[in-house]
Structures are given as structure tokens and as C-alpha cells.
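Here's the structure we're looking at; comments come further down.
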Number of protein chains: 2
Amino acid sequence: MSGSVRQRLSDCLANASKADKAVASFMLAQLNSIPFETAASLASKVEVSEPTVGRFCRSIGYKSFKNLKNHLKQDIGDRPWLISDRLRDLQRRTQAGEDQLSRGLELEIGGLVAVYELAQTPEWKRVVKRLAETPAVFVTGFQTERGMAQIFVNQLQYLRDRVHLVDLAGGNFAELLTSGSNQSCLVIFEARRYSRMARLLAQDARKAGIPTTLVTDPFCDWGRDLVDEVFVVPTEFNLFWESTAQMASLANLLVNGVFIELGHTVEERMDYISRLYSRFTGYVGDSSGPSVGHQT
Amino acid sequence: MSGSVRQRLSDCLANASKADKAVASFMLAQLNSIPFETAASLASKVEVSEPTVGRFCRSIGYKSFKNLKNHLKQDIGDRPWLISDRLRDLQRRTQAGEDQLSRGLELEIGGLVAVYELAQTPEWKRVVKRLAETPAVFVTGFQTERGMAQIFVNQLQYLRDRVHLVDLAGGNFAELLTSGSNQSCLVIFEARRYSRMARLLAQDARKAGIPTTLVTDPFCDWGRDLVDEVFVVPTEFNLFWESTAQMASLANLLVNGVFIELGHTVEERMDYISRLYSRFTGYVGDSSGPSVGHQT
DNA sequence: GAAAATATGTTATATTTCTTTCAAACTGTC
DNA sequence: GACAGTTTGAAAGAAATATAACATATTTTC
């Protein structure tokens, strides 16, 4: 027995006992509100006894009703329209006992979806517009998010000038804060071990009237009142470590948005930057920018 | 006090105590998975005590945490929380507009799956083992992959010492190449605008007998004969830009693998590094490393 | 139609989850 | 720096939720 919760429920409908069938079909029908149910509440709704619910869950391979709910949480459901074959295959192999990689994968996919959902919010559009139009953009990230900020800066630099990585060392800290309030904007990447620096910077930026966007994880509790937009990115998958990948996706989507916003006016610049890079690192090849033309 | 759960949470953010604010913002960020949480689980994630959660819920007008969840049910009861539903929803909404967000998402997910597949190959296991056991690890990435390399180094440093970011400027270029052949190993992150540097480095490393792993995109054509393992990561989704997210996932998975390989012998080190980071950046909190304990 | 097998419910117990109480820690004020 | 007020967490108790054991009902098999 394997697969998603939905899968298992459907499977067992065929040859289950009366009560089990009742429970299964109720669950399928009300999948969305299952997490709110308790074994008892569900039992009374289906008009079976409490133990029946527990037993049923065990019969389809979960430890308990609670355990089933947990799986639901991580379940990405069946998506026959997606790359499901490979995914399912991976799941199967994993369930056979290799390890719990695929669970992590499911969670990562969930995170990715969340990021794409963010990209549809009004805040998102506002930030994209700002990143395209504000004369100077400053980006920062401390500790482990330092690299993230760097990536974002590198990419954005292809599209526009005056994109700076704010550094403790460099004097651009001051440069940011002394620029006029509608001359600059700030993007802060943060995660987990929130550094005091990020917070201080956000405070100062607010004082200086500089619009600030915070990209962080769900554990961040400061910020909501200090910055203009907070983008919360899931970072916990059940790897030992937190993942920065979703944040990278977010950064990519932002850059993508800016590109669309700026339109084709940037192509010239991109060629130029490409050539610059080439000169300094010696790559010789087509000079049409990283992936221009992939837009479909 | 009235309105939806989300409303109330937002409202209280303004003038709540520190712990309350933390709880509220976490809830807001994770609204979709709140139904799966229990007061205790939430408490531990936000790093407050259990009673605080209960009290908080009461302070914003619910009888208990459970009561809040029930209200949530009414608020978002028929809102999709299952990833599959959310995907569908996203698809529906984006199909209306002309931007092909959801298509890009699908591709990204496919890329993620590919990365997880890589993590099951023998090469992968070999690299993980090497990263765990070789006395010194060198990592490099040029241009846009510079940040990627940085992230990888930062994370790996939590687990072991002698992890170095190879830089054009720093003398560690030489340090790498003069170390004995089984004293060091090298990881190169590359993508698209393959720099001559990466290639030269790979050549020299080979001459010096240093095992080298190349992480790159499908367009890379050198390398197969110059390095010991090539991990090819999809980077093209139909965003204007290439995505580094999948590569970030790969880096994460590698670090995760190394952690598993090293076992719990590294916890001590991790505490130490954590404290170091804290001292220099001023974060004050638990000193148990970024996400220790999330392993299930 | 009776015996065996299976399925279900009742009651009692164990476990989890939540709340209360109270003391310690923190905050701001004089 | 001491005081009052607030916030927070630890421990213990109360409520809920889930499991186990056993008894009853139902179905299956012969």
C-alpha cells in the first residue's frame, strides 16, 4: 500500500467493509476539512465508533488518525497532469525503504508553490515595479543569506544599473541611508538566525523613508512593522538543514518580473554586461546574455 | 475584537508583546498548515512555551487554540490547502493572464525532481562521502554562481572545518593545488557563461590529482573528461532568467548527505559555530544551530 | 442453519493536549 | 537601584483524544 492519502482512500473503497467504506468516502469528500476533525468528531459524523476510525487508518497503512492527518499535510496530492511518473517512481523507491528523501521533495515542491502564489499578490507587483523604477536598489543578506543576496544582485545587475550589495564593510551602508527617500529601495534577505544587523538596517531605512522589502522565513517575528512588504518563504523540509532553494526561486521570479516590467529596453544593456563579464573572465562565445530568448 | 482569524492576527501585531508577536506572525505565515499544528508543536516552532500559545489565542478573543482552529475552518474551510488544489488554482488563475507563471512552476518542479533523482546515484554517494572525509574541501563558482558557492561553503562550514571558497583574489587557489592529491577535493559550481577560470582550475586540479565535482547546467560541454563527477541541474524554466534554485536544492541535499554521513559527531561543532556567528552578528537566541532537531 | 471468521461497538485505560497556578524574569518608572 | 506592572515559562492538574481489551453483532462458509 502506498501513494498519497487520497490514493489510498480511493484504493480501499473497492474492497473494504461497510464502515470502512463509509469512513473512506466521507474522508474523500471532505478532504479539505479533515485536518480540523478529530477521530471522535469524524466518527460521529460518519456514525461509526471511534475505534473504527483509528482501526481504519491503521488498515490503510497509517499509524493513527493523527498520523494520517500528518501525511495529508505533506501530501501533494495526485497530479496526473504533472511530471507525476518520475515523482511517483521516486516515491515508490523511497517507500521501499531507501530513506525519506521524497518526503523532503514533496515539501520542497509545496514551498515552491507557495513562492509562486506570492508572485501573484499585489505586494509582489508593487515590489517589482519599485525594483524596476527606483534609481538605486540596495540588497543585503547576512550570514547564510549573504550568498542569496549576492545572487540576486548579480542577476538584477544584468537588467539595470545601480544595484548594490550592502555590506558591513563597504561604505554603501551610508550610501543607502543618505540617499533620498524616493531615490533608493532596499531588499533584505533573512532566515532563521536573524542578525541584529538586518533589523537595525530596516529601522534606519524606515527612518530615512526608504521602502524596504523583507524576504524571510516563517520564524521571523520582527519586520512586519518595520518594513513595507514581507515575503515569507518556507524553508523547512525535512532535511537536516533548511533549504535556501525556495528563496532562490523567489529571487528569480522577482528578477523575471523586473525584466518583464522593463521590457525589451534592457537588451542592449544586457549585451554590454555580458561582454564585460566575458572580458574579465575569459569566456568566449555568444554574447547575448545569460538566457535571452528563452522567453516563450 | 472581531473579524477573520487573519484579521485578528494582523491587528494584534501592532501592539502585542514580543512572544505574542512571534506567535502571530508565524501563524500568519503558515496559516495553511495551522490546522495540523497543535498548541505544543506550534510553541516549539516559535520557541515559546505552550501556555503562551493558549493565552495568546485567548487574548485575541478565542477560547483556546483549538477554538481558533475551528474558526479557521470557517475562514479557509473551502480554501485549498492541499498542494494539488493550490497548483490547480494557480494554473487556473495564470491561464487567464498571459504570463506563463504556472508553466514555469511545473518546469521548476520537474527540475527539483531531477535533482532528487541525482541524489540517488552512486556518484552522489561517492561525492558525499568524499566531502565528509577529505581533510580539506575547496569550493568555487564564478560570476552568477559565485553566490551559490558561497552558500554551499557557509552551510558546509557548520559541519566540518577546512572548507574554503576558492577565490581569484585570495591565495587559496595555490593552496588548493599544492595540497596533496588525497588531502583535498574540489567542487565547482558553473552555469551558462562558463568561465575560462573554471575550466583552467579543473585542468590544474586534475593534474594535481585532486578529485573534482562539477555542478553545472545542461549546456555545459566541457568537463566530462576533466572532472570526476558531473551533476547536471536543469536551469531553464520559461522565465526570462535561469533559475539557480534547483542548484541551491542540490547544494542543500549534498550538505544534508554530509550531515548524515558524519552522524551526530558534528553537533558539538555546530553549537560552537552557532555561538561564533552569534557573537559577531548579535543574534541572541538558542544556540543549537540553524535547524537542529527538525530531523524527523 | 450453525460454526468460523470478520467487523463493530462498549467500556476502560493510556496518551496527548490544553489550562491553571505560581514563581522567575523582564520593563519601565520613580 | 528598588518598586510595581507586565510578561513568560515550569510544573502540575484537567480535559480531550486515541488505543486496547473484550463483548456483541454481522457476514461468510460449509
Side-chain angles (χ1 to χ4, degrees), chain A residues 1 5 9 11-27 30 33-73 196 199 203 219 221-222 225, chain B residues 1 5 9 11-27 30 33-73 282-288 293 296:
Chain A
M1 184 83 71
V5 177
L9 287 172
D11 287 354
C12 82
L13 275 176
N15 46 1
S17 71
K18 210 174 64 189
D20 283 1
K21 228 181 276 186
V23 174
S25 58
F26 182 88
M27 280 191 180
Q30 301 284 313
S33 53
I34 292 301
F36 299 98
E37 302 287 351
T38 157
S41 72
L42 202 146
S44 87
K45 286 186 184 173
V46 191
E47 291 180 328
V48 295
S49 74
E50 219 173 309
T52 301
V53 175
R55 263 191 301 249
F56 168 71
C57 295
R58 239 158 297 137
S59 81
I60 59 170
Y62 298 100
K63 228 189 84 226
S64 65
F65 178 61
K66 204 179 303 175
N67 185 244
L68 182 147
K69 281 200 286 187
N70 279 334
H71 279 259
L72 213 51
K73 175 184 179 183
R196 195 175 47 189
R199 189 173 195 160
Q203 265 164 356
F219 298 96
D221 58 341
W222 65 276
D225 42 351
Chain B
M1 183 88 70
V5 177
L9 288 172
D11 288 355
C12 82
L13 274 175
N15 45 2
S17 69
K18 208 174 70 188
D20 284 1
K21 225 182 277 188
V23 174
S25 59
F26 184 88
M27 280 192 182
Q30 299 282 303
S33 54
I34 291 301
F36 300 99
E37 301 286 351
T38 160
S41 71
L42 202 148
S44 87
K45 285 189 183 172
V46 193
E47 293 177 331
V48 297
S49 74
E50 220 173 308
T52 301
V53 174
R55 263 191 303 249
F56 169 71
C57 295
R58 240 159 295 138
S59 81
I60 60 171
Y62 299 99
K63 226 189 84 223
S64 66
F65 177 60
K66 209 176 301 179
N67 185 242
L68 182 148
K69 281 201 286 187
N70 279 334
H71 283 259
L72 211 56
K73 178 182 178 182
Y283 172 83
V284 185
D286 88 286
S287 58
S288 57
T296 41

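Proteins come first, then strands; the chains are lettered A, B, ... in the order of their sequence lines, and each starts at number 1.
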Relative to the 5' end of DNA chain D, which residue comes earlier, A:Ser41 or A:Arg55, by the nucleotide with the nearest heavy atom? A:Ser41

What distance separates A:Glu37 CD from A:Met27 CE, expressed to the nearest 0.5 Å? 9.0 Å

Reckon B:Ser64 has a side-chain N or O less than 4.0 Å from the OP1 or OP2 of C:dT19? yes

A:Thr52 side-chain N/O to C:dT8 phosphate OP1/OP2 under 4.0 Å: no

Under 4.0 Å between a side-chain N or O of B:Ser17 and OP1 or OP2 of D:dT6? no

Tell me: CG of A:Asp20 to C1' of C:dT6, nearest whole Å? 11 Å

Nearest heavy-atom contact between A:Lys69 and B:Phe36 is O-CE2, 3.3 Å

Going through the distances and angles, do A:Phe65 and A:Ile34 end up as a side chain to side chain contact (heavy atoms under 4.5 Å, CB included)? CA-CA 10 Å; A:Phe65 178 61; A:Ile34 292 301; 4.2 Å; yes

Let me see the working for A:Arg55 and A:Thr52 under side chain to side chain contact (heavy atoms under 4.5 Å, CB included), right down to the final yes or no. CA-CA 5 Å; A:Arg55 263 191 301 249; A:Thr52 301; 3.8 Å; yes

To the nearest Å, how far apart are A:Asn67 CG and D:dT19 P? 9 Å

Give the rounded distance in Å between these two atoms: NZ of A:Lys69 and C1' of C:dT17. 12 Å

5'-most contact on DNA chain C: A:Pro51 or B:Pro51, nearest heavy atom basis? A:Pro51

Upstream residue (5' side of DNA chain C) when B:Arg58 and A:Glu47 are each assigned their closest nucleotide: A:Glu47

Please report the distance, rounded to the nearest Å, between CD in B:Glu50 and P in C:dT16. 12 Å

Of A:Lys63 and B:Ser49, whose nearest nucleotide on DNA chain D comes first from the 5' end? B:Ser49

Gap between atoms CG and P, on A:Leu68 and D:dA18 respectively (whole Å): 12 Å

Any base atoms under 4.0 Å from A:Val48, or only sugar-phosphate, or nothing? Heavy atoms, all strands. sugar-phosphate

Just how far, in rounded Å, is P of D:dA14 from NZ of B:Lys66? 17 Å

Side chains of B:Ile60 and B:Leu68: does their closest heavy-atom pair fall under 4.5 Å? yes

If I take atom CG in residue A:Leu42 and atom C1' in nucleotide C:dG9, what distance separates them, rounded to the nearest angstrom? 16 Å

Provide, to the nearest angstrom, the distance between the CG atom belonging to B:Asn70 and the P atom belonging to D:dA16. 13 Å

